Amino acid sequence: MKILQPVRGTSDLLPADKARQNHVIETAKKIGRTYGFQDMATPIFEFTDVFRRPLGDASDVVSKETYSFEDRGGTEITLRPENTASVMRAVISNGLTQTLPQKYIYAGPMFRYERPQKGRMRQFHQIGVELIGPSSALADAEIIGCGAELLSELGVLEHCTLHLNSLGDTQSRDAYRTALVAFLAQYKDDLSIDSQRRLVQNPLRILDSKDAKDKEIVAGAPQLADYLNDVSKAHYDLLTTALDKANIAFVADPLLVRGLDYYCHTAFEFITDQLGAQGTVLGGGRYDGLSEMLGGPHLPAVGFAAGVERLSLLVDKDEEVRTDILLVVMDTELQADGFALASQLRRAGLSVDMPFTGNISKKLKRADKIGAGIALLLGSQEFATGEVQVKSLGDGETQTIAIDALLTHPLIAPLCE
RNA sequence: GCGGGUGUAGCUCAGUUGGUUAGAGCGCCAGUUUGUGGUACUGGAAGUCGCCGGUUCAAUUCCGGUCACUCGCCCCA
């Protein structure tokens, strides 16, 4: 075991990366607030059944992508591969089904045992929103609008296309699935190996196969849209009308399907062409069936999840974290006084860095690394009269002022929060 | 889980048709400057050539395996 390298599919977030991710997350929370979504969090692990029941044993996520283990008490535990099931579990656990709708936003790490690629990690981070209670297509529009707004605020919407589809309600979907399987069964031997497997496990997935031969066959397959019943059509129509009126551009994508079983009606993904095969940057849909799969009441819900790493890769913003003031203590015997002064400035809201070793020149060099605009030089000569040197690092101008007057100095006062 | 590419200093990369002490730029450290940063100049440290094995008088170089990263498939955020 090579402990000096991180576990495959995990990585350290050094300050530059972490700052970029914080920006994505903070932007999401800000946009979420404008929609009335409240920040919340669920545990990072749950009983394995929380994920196994709704996702289905056959799904890839559960059958081969989860980090599952038995804890010391013999309980089957799974690190969450996504957060929607956890949130729904929390709503039911806490009796919140009595006070609907519930609107949540969350952010945190997820875990999937997959082959890592760019924008695909084994520990990765998602931000997501869930709107639980309403069955109206306007709720779907609100979720999609929130996603679009987030991407727009991050400056990446122009690189993304919104793909939209309707899977219909259970009745429509079952009818379509039957028709699709009947059609594809005729070409069973011509389908790719993967798709032959899907024919049994998840036939709708064959629709977006990238295999050339599969695509040919799929081209002649029945269309999902033709199997939507009136309720499903009305839902889709209201959603698209709302999106149109709000100027949210989308392309109807009849081949867009979701991997997880509990989705119905709306499925959507914001896809970018800038991340190779991991183009989906934000995706979601309606999952009216989830609550019942967990043993709760019938509970309509819709939401999205976005990949923080993927969004961070698209955001070119480099937020440098600067420190306001470099405090250079020029005489060893004044170290403790320097610490006291730094403490006083910090209490006033300033960020202060005070090097402990090195000569004056070496200490001053640190100013550039931390991005400080001002250096304070504390030496015995001026300390004797209660003064300190204030050096503006932009132009090198230095003046000596009373320590008591520091916080009102024209260069320093604006930095106090 | 399957297929392709890559692996030389902290970073970005040269290089060796197999042959003595493996190079550059950036970064880092020190000095020029013992109470004043950036720039400049000078000097310095730093590499099991990913790891293990094989072939060979000799392997960083060739071969095999392995690990990691990366791209694609699968699946998704």
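Throughout, protein chains are lettered first and strands after them, A, B, ... in sequence-line order, and every chain is numbered starting at 1. A quick note: this is a predicted structure, and the numbers were derived from the prediction, not measured. When reading the values below, keep in mind they use all heavy atoms of this one structure, side chains included, and skip hydrogens, waters and symmetry mates.
For the pair Gly119(A) and Thr10(A), both in contact range of RNA chain B, the more 5′-proximal nearest nucleotide belongs to Thr10(A).
Side chain Glu114(A) to base G1(B): no donor-acceptor pair is found below 3.5 Å. With hydrogens and angles ignored, no donor-acceptor pair closer than 3.5 Å exists between the side chain of Arg120(A) and the base of A77(B). Between the side chain of Lys118(A) and the base of U70(B), no donor-acceptor pair under 3.5 Å is found.
Of the side-chain N and O atoms in Lys362(A), none sit less than 4.0 angstrom from OP1 or OP2 of U36(B). Taking 4.0 angstrom as the limit, Gln117(A) places a side-chain polar atom (N or O) nearer than this to OP1 or OP2 of G72(B). For G37(B), one of the phosphate oxygens OP1 or OP2 lies less than 4.0 angstrom from a side-chain nitrogen or oxygen of Ser361(A).
If you check every strand for non-hydrogen atoms under 4.0 Å, Gln381(A) touches a base. Nucleic acid contact for Gly128(A): none, since no nucleic acid atom lies under 4.0 Å from a heavy atom of the residue. Within the 4.0 angstrom heavy-atom criterion, only backbone atoms of the sugar-phosphate kind lie near Gly9(A); the bases stay farther away. Within 4.0 Å of Ala367(A), counting heavy atoms only, lies no atom of the nucleic acid at all. Contact annotation for Leu377(A): base contact, defined as any heavy-atom pair under 4.0 Å involving a base atom. As judged by a 4.0 angstrom heavy-atom cut-off over every strand, Gly284(A) is placed among residues making no nucleic acid contact.
One P atom belongs to G54(B), the other to U61(B), and the distance between them is 14 Å to the nearest Å. Rounded to a whole angstrom, the distance from the P atom of G5(B) to that of G65(B) is 13 Å. Across U60(B) and U8(B), the matching C1' atoms stand 7 Å from one another, rounded to whole Å. Here, C75(B) and C63(B) have their C1' atoms 36 Å apart, quoted to the whole Å. Comparing the same atom, C1', in U42(B) and in U21(B) gives a spacing of 24 Å after rounding to whole Å. To the nearest whole angstrom, the two P atoms, one in C62(B) and one in G19(B), are 11 Å apart. Comparing the C1' positions of C11(B) and G27(B) gives a spacing of 7 Å, expressed to the nearest Å. Taking atom C1' on both nucleotides, C69(B) is separated from G53(B) by 23 Å, rounded to a whole Å.
Salt-bridge formation is detected for the pair Lys103(A)/Glu142(A): a Lys NZ or Arg NE/NH1/NH2 atom is positioned less than 4.0 Å from an Asp or Glu carboxylate oxygen. Salt bridge present: Glu153(A) and Lys30(A) bring a charged side-chain N and a carboxylate O closer than 4.0 Å. Arg89(A) and Glu46(A) are joined by a salt bridge, as a carboxylate oxygen and a charged side-chain nitrogen come within less than 4.0 angstrom of each other.
Using a 3.5 Å distance cut-off with no hydrogens or angles, the side chains of Glu387(A) and Thr385(A) do pair a donor with an acceptor.
Computed from coordinates, the Leu364(A) CG to U36(B) P distance equals 9 Å when rounded to whole Å. Atom CD of Glu397(A) is separated from atom C1' of G37(B) by 15 Å (rounded to the nearest Å). Protein atom NZ of Lys363(A) is 14 Å distant from nucleotide atom P of G37(B), rounded to whole Å. Atom CD1 in Ile271(A) sits roughly 12 Å away from atom C1' in A77(B) (whole-Å rounding). One interatomic measurement links the two molecules: CZ of Arg115(A) to P of G1(B), which rounds to 8 Å at whole-angstrom precision. A straight line from CZ of Phe51(A) to C1' of C75(B) spans 18 Å, rounded to a whole angstrom. Between Leu393(A) atom CG and U39(B) atom P there is a gap of 13 Å when expressed in whole angstrom units. What separates CD of Glu387(A) from P of G35(B) is a distance of 20 Å, to the nearest Å.
Ring-plane geometry between His265(A) and His235(A) is classed as parallel, the angle between the planes falling under 30 degrees on a 0 to 90 degree scale with a further cut at 60.
The Gln389(A) side chain lies nearest to U36(B) when the options are A68(B), A77(B), U36(B).
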### Query
So what's the dot-bracket for RNA chain B: Watson-Crick or G-U pairs under 3.5 Å, [ ] if a pair crosses, | if it pairs off-strand?
(((((((..((((.....[...)))).(((((.......))))).....(((((..]....))))))))))))....

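Within the 4.5 Å cutoff, the side chain of Ser172(A) has heavy atoms near those of the Leu228(A) side chain.
Under the rule for a side chain to side chain donor-acceptor pair (under 3.5 Å), Arg310(A) has no partner lying at least two apart in sequence or in another chain.
Pairs passing the ring-ring contact (aromatic ring centres under 6.0 Å, His included) check and including a residue from residues 155-179 of chain A, sequence neighbours excluded, read Tyr176(A)-Tyr227(A).
Atom CZ of Phe250(A) is surrounded by more than 12 heavy atoms from other residues, nucleotides or ligands within 6.0 Å.
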